[in-house]
Amino acid sequence: MQGDDGASTVISIYRDLESLSLAAAALFVESARKAIAVRGRFSVALSGGSTPRRTYELLGAPANLERVDWSRTHVFWGDERCVPPEDPRSNARMARAAFLDRAPIPEGRIHPILCNESPEAEAERYDGLLRSFFGPGPPRFDLVFLGLGDNGHTASLFPYDGALHEREKLAVVVRLPDQGMTRITLTLPALNHAAKIVFLVEGAAKAQMLKAALHGPRDPERIPVQLIQPLDGETIWLADEAAASKLER
Ligand code: 6PG
């Protein structure tokens, strides 16, 4: 589907997580090579959770490592849990173990969100980091990976949370008392100017929410992922058969 404002949405369905992850890794490599060829650098915001792990492992395989100019790659995160860096729940830890520790990216170009100590100060720091990296005007990531929670959240934009209404700050603190968790998330102003947003959705547990998000009535407070609509960019949904099982084909 192509909007007249340059926005487009594509849904690709894969037999299983492995084939979905191969496609996601290929999209990463293609986006990196194109961005570096055109602008001399590649900016990507990684998703957390478990679904992208296999994609990241594939990016850490020699075949992909040699296809990306990692010296021109800048890695950010779409959100992070405010836990110690070595905590198994850390999104940065998962990505480092899966591929970043094997990719020759200059350390100054990997930008983890370090919010274990003072979340508010870190949200402000990360906001400033994004502004200085992207310069004046809205931040335009070349690629953003996002996931989908079975409650409709993406990044750490959760239903009915105040973060959904943030239109100035690029990163904010999100407190989730029921999870006993504090997080930092990029906001819509940080995400919706991306050139390409790729959702990775796997498993039957996501099927109902994926159908509601894509084909149900618009209800962004209840289904925050519906707020992700790049103004001038491409949205690509990569889903496995199980997650796509309730979609109208
Ligand atoms: C996080 C993610 C979150 C995730 C979804 C899906 O930090 O948890 O950013 O938005 O993408 O919760 O998670 P799974 O891939 O584990 O299902």
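By convention here, the first residue in the shown sequence is residue 1. In listed order, ligands and their atoms are each counted from 1. It should be emphasised that the depicted structure is a prediction, and the values quoted were computed from it without experimental measurement.
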* Report yes or no: does a heavy atom of K206 sit under 4.0 Å from some atom of ligand 1? => yes
* **R81 and its side-chain hydrogen bond (donor to acceptor under 3.5 Å, both in side chains) partner, picked from N116, T182, N91** => N91
* Examine S156 against ligand 1 and note whether any of their N/O atoms are separated by less than 3.5 Å. => no
* Asked: Hey, are R54 and S21 close enough side-chain-wise for a donor-acceptor pair under 3.5 Å?
  -> no
* Indicate whether the side chain of S43 and that of D142 have a donor and an acceptor atom separated by less than 3.5 Å. => yes
* With a cut-off of 6.0 Å (strictly less than), are more than 12 heavy atoms of other residues, nucleotides or ligands near CD of E124? -> no
* To do: Could you tell me whether F145 and F199 have their ring centroids closer than 6.0 angstrom?
  => no
* Please state which protein non-hydrogen atom is closest to atom 6 (C) of ligand 1 and give its distance, to 0.1 Å? -> L148 O, 3.6 Å
* Assign the ring pair F134 / F141 to parallel, tilted or perpendicular, where the plane angle (0 to 90°) is split at 30° and 60°. => perpendicular
* Evaluation steps, side chain to side chain contact (heavy atoms under 4.5 Å, CB included), between D16 and E241 -> CA-CA 7 Å; D16 53 24; E241 284 285 355; over 6 Å; no
* Asked: Of all the non-hydrogen atoms in the protein, which one sits nearest to atom 8 (O) of ligand 1, and at what distance?
  -> R81 NH2, 2.7 Å
* To do: List every atom of ligand 1 that sits less than 4.0 Å from any heavy atom of H153, numbering the atoms from 1 in the order shown and giving each element.
  => 3 (C), 5 (C), 10 (O), 12 (O)
* Looking at atom 15 (O) of ligand 1, what's its closest protein heavy atom, distance included? -> T51 OG1, 2.7 Å
* To do: Say whether G78 and ligand 1 are in contact under the criterion: heavy-atom distance to a ligand atom below 4.0 Å.
  => no
* Would the H74 and F133 ring centres measure less than 6.0 Å apart? -> yes
* Asked: Which ligand 1 atoms, with their elements, are less than 4.0 angstrom from a heavy-atom of S50?
  -> 14 (P), 15 (O), 16 (O)
* To do: Compare A205, G147, G49 and give the one whose heavy atom is closest to atom 13 (O) of ligand 1.
  => G49
* Taking the minimum heavy-atom distance to atom 2 (C) of ligand 1, which of D79, N151, D150 ranks first? -> D79
* Asked: With a 4.0 Å cut-off on heavy atoms, is R183 touching ligand 1?
  -> yes
* Between A155 and ligand 1, does any nitrogen or oxygen pair lie at a separation below 3.5 Å? -> yes
* **Plane angle bin for F99 and F28 - parallel if under 30°, tilted between 30 and 60°, otherwise perpendicular** => perpendicular
* Backbone or side-chain N or O of T154 under 3.5 Å from ligand 1 N or O -> no
